Amino acid sequence: MKDKLKLISSRFSQQLSQVTSLADLDKLKLTYLGRKGEVNQLFKAMSRLDLADKRRIGPEVNRLKAKIEKALIAKARDLHSQTQTNLADAPLTAYLPASFGRLHPIEWLRQKTLNIFHRLGFIEFVGPHIENDWFNFAGLNIPPGHPARDLWDTLYLNLNDVKQEPLLLRTHTSNVQLRALKECGVPLRVMAFDRCFRREILDPRHSHTFSQFEVLVVDKGINMNHLKWLSDYFLKQILGDVTESRFRPKYYPFVEPGVGVDAKCVFCQGKGCQICSNSGWFEIAGAGMVHPQVLKNAGVDPDVYSGFAWGFGPDRMLMLKTGINDIRDLYQGDLWFLRG
Ligand code: PHE
């Protein structure tokens, strides 16, 4: 039976090398992985073996099957990129063995991140994607006409028949800050990992839809040290123990003082490389102490309570960690990318 396996394996490789179209690849797939294909015949033949032989041969048949599946997928990808075949013409799913299903990269990072913060006592707060001006802008110290609105330009919705107030697609998860404070009161530890939207010129680093992860802590005696500790802790959990974070002064209207959080580049350990534009660091988050006016807007007394907010861009982190080089791939649902 071992010889048979070898024979099938080499015949498959030889036939695969001659395939030049997706239609032919389909046929080859049927010949080997179809219901009556070679691999299933092997499984059938195996059922006639005694137990010791089954134990010996079984893993080899499984290995052969996995090898064939992998080779078919790689070939499908090659043919696809050669011909730029439209997805509609290419039965991609035909090449996906059932075991290929897995979490979308963003969902994977979302679950990992939420787990880390659940353990630290944070609760998840889900805010709306369609938001009003107050929670997204004005309540966060960004009144109409404020220059910071340019950075967070968004898409406005004309739903005046339904609602009197102007509505927009939220530009950051910071819209949960006032909502969570109002709904849950203080002391508070909340987080939100979700989609945001901006009016962007699309390119590999900018997408109109993207993700953010927001953390808000409000309690008595909260200070910058807590923020720095949490920031370091999180980055080490995600990027590994070697990374460090640093704070740079940065302006956000809803925090005071505000900081940009940089992580030491994990690719060059801070020496400087292409990925970090030779700086040794890359910006990963914005953060700061919640502005007293924002606390007041939520009915919280800033003389008694203080807090910090921290918001980071998971897409960027994913791209750095996995080498995905176009943010739009994360949102287009392209099966060729997802199974890659
Ligand atoms: N919301 C900010 C942004 O979208 C990030 C941020 C969150 C900054 C919390 C400070 C505090 O860029």
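Bear in mind the structure is a predicted one, so any value in this text is a computation, not a measurement. We number each residue from 1, following the sequence as shown. Order of listing sets the numbers, starting from 1, for every ligand and every atom in it.
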I want to know if ligand 1 touches Trp152 in the polar sense, i.e. an N/O pair below 3.5 angstrom. yes

Near Gln212 (heavy-atom distance under 4.0 Å), the atoms of ligand 1 are 3 (C), 4 (O)

- Query: Would you say Arg198 and ligand 1 have an N/O pair spaced under 3.5 Å apart?
  - Reply: yes

Strictly under 6.0 Å, is that where the ring centroids of Phe308 and Trp310 end up?
-> no

For a 4.5 angstrom cut-off between non-hydrogen side-chain atoms, does Leu330 reach Ile324? yes

Atom 5 (C) of ligand 1 has as its nearest protein heavy atom Tyr252 CE2, 4.1 Å

Of all protein heavy atoms, the one nearest atom 6 (C) of ligand 1 is Gly286 O, 3.7 Å

Check: Phe117 ring centroid to Phe193 ring centroid under 6.0 Å
no

>> In this structure, does ligand 1 have an atom that sits under 4.0 Å from one of the heavy atoms of Ala287?
In response: yes

Next on the checklist: Is it the case that ligand 1 has an N or O less than 3.5 angstrom from some N or O of Ser174?
Outcome noted: yes

The answer for which part of Phe254 has a heavy atom under 4.0 Å from ligand 1 is side chain

Taking the ring of Phe210 and the ring of His172, is the distance between their centroids below 6.0 Å?
no

For Gly311, the ligand 1 atoms with a heavy-atom partner under 4.0 Å come out as 7 (C), 9 (C)

Only one of Gln15, Lys65, Glu38 passes side-chain hydrogen bond (donor to acceptor under 3.5 Å, both in side chains) with Tyr32, and that residue is Gln15

- Message: Between Glu244 and Lys236, does any side-chain N to carboxylate O distance fall below 4.0 Å?
- Response: no

| task | Compare all side-chain heavy atoms of Trp134 with those of Leu140 and state whether any distance is below 4.5 angstrom. | result | no

Here the atoms of ligand 1 under 4.0 Å from any heavy atom belonging to Ala309 are 9 (C), 11 (C)

Point to revise | Polar atom proximity, Glu214 to ligand 1 (N or O, under 3.5 Å) | key: no

If you measure from the Lys or Arg side-chain nitrogens to the Asp or Glu carboxylate oxygens, is any gap between Lys29 and Asp26 under 4.0 Å? no

